[in-house]
Chemist: 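Take this structure first; my questions come after.
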Amino acid sequence: MSTPANAGQSSAGWTVHAKRVLIAWLVLSAIATPLVWFVLGPHLPPGKGSVQADGQVFDNTVLTAFVTPIISLLLVFFVYALIQFRADSSTDLADGPPMRNDSTVQTTWVAVTSVAVLFLAGFGTYELLKDGSGGGQGPNPIAKVSGNNLQVQVIGQQWEFTYRYPTYGGVETSQLVIPAGREVAFHVTSLDVVHSFWAYQLGVKADANPGVDNVAYVKAKKVGTFDIRCAELCGLWHGYMFDTGRVVSPSQFASWITARRAQFGPVAKYLPPYSTTYSPDPQYRAG
Ligand SMILES: [Cu+2]
């Protein structure tokens, strides 16, 4: 890139630099932003296993596309400055003249960044309120989902999750199976310490706190498996607190839950009655 005759520290020189940076920025943004939206976006986590996970992919795509022109400006300015304002070894490297405030730059900066931040805050709030976004919302969810949902309790304990189905006699299993296409309300709690129920492909993450009923909604879109991990350091074997859940068709779910009721029916009488929380009873702890 050659330096124009008038490109020094004169205002005309700065105008030339600003125009070049602006054009390069617009070109790079016009190329990069659609690539991010259409090419990278569909591959962003956590995939499209549920309505909520789908929403998270959309949110991640919006945020990544939004930040692309900002990163482009930083990159263009950085590369331009490296090339254009590079000092050769004969240059005196003393400081240049001090730069005084420029009210146009300051006003533009404050206005643009304020609009950007407020837009993202509004967008994030709207997306959270739509369907809860797969996050734990505590015992009284603000973002409720409509319709008849299937309640599944997730019980964290050192070091596994168990699952209880209150509408099917309170049967408790070590496997998580849910039907596709139906809204599920996970009621997440813990028997001992703080855990976190993280069903990755479903886009669900909810803290499991003792004494708390933490509700997270999800609607699985397709039959398949999903990874379950504890996402809160909960003691020695935290790293082994993982599992694989299954999304099955409604008819497969009906036969699965019927079989589990038959299997675990005889021991059900030893379980405490179904409750949204359980207080560990000291007399049953290992002494
Ligand atoms: Cu853990």
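Numbering of ligands and ligand atoms starts at 1, following listing order. No hydrogens, no waters, no symmetry mates; every other heavy atom, side chains included, goes into these values.
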Chemist: Excluding sequence neighbours, so at least two apart, what forms side chain to side chain donor-acceptor pair (under 3.5 Å) with Y200?
Modeler: none
Chemist: Kindly write out the residues that satisfy side chain to side chain donor-acceptor pair (under 3.5 Å) with D213, not counting sequence neighbours, or none if the list is empty.
Modeler: H187
Chemist: With no hydrogens and no angle check, do the side chains of S249 and Q252 hold a donor and an acceptor under 3.5 Å apart?
Modeler: yes
Chemist: Which ILVMFWY residues can you reach from L129 by hopping between side chains whose heavy atoms are under 4.5 Å apart?
Modeler: I142
Chemist: Could you please tell me which protein N, O or S atoms lie under 2.8 Å from the Cu ion (ligand 1)?
Modeler: C230 SG, E232 O, C234 SG, H238 ND1
Chemist: Using a cut-off of 6.0 Å, state whether more than 12 heavy atoms not belonging to F77 lie near its atom CZ.
Modeler: no
Chemist: So which of Y274, W256, F264 actually passes ring pair (Phe, Tyr, Trp, His ring centres under 6.0 Å) with Y165?
Modeler: W256
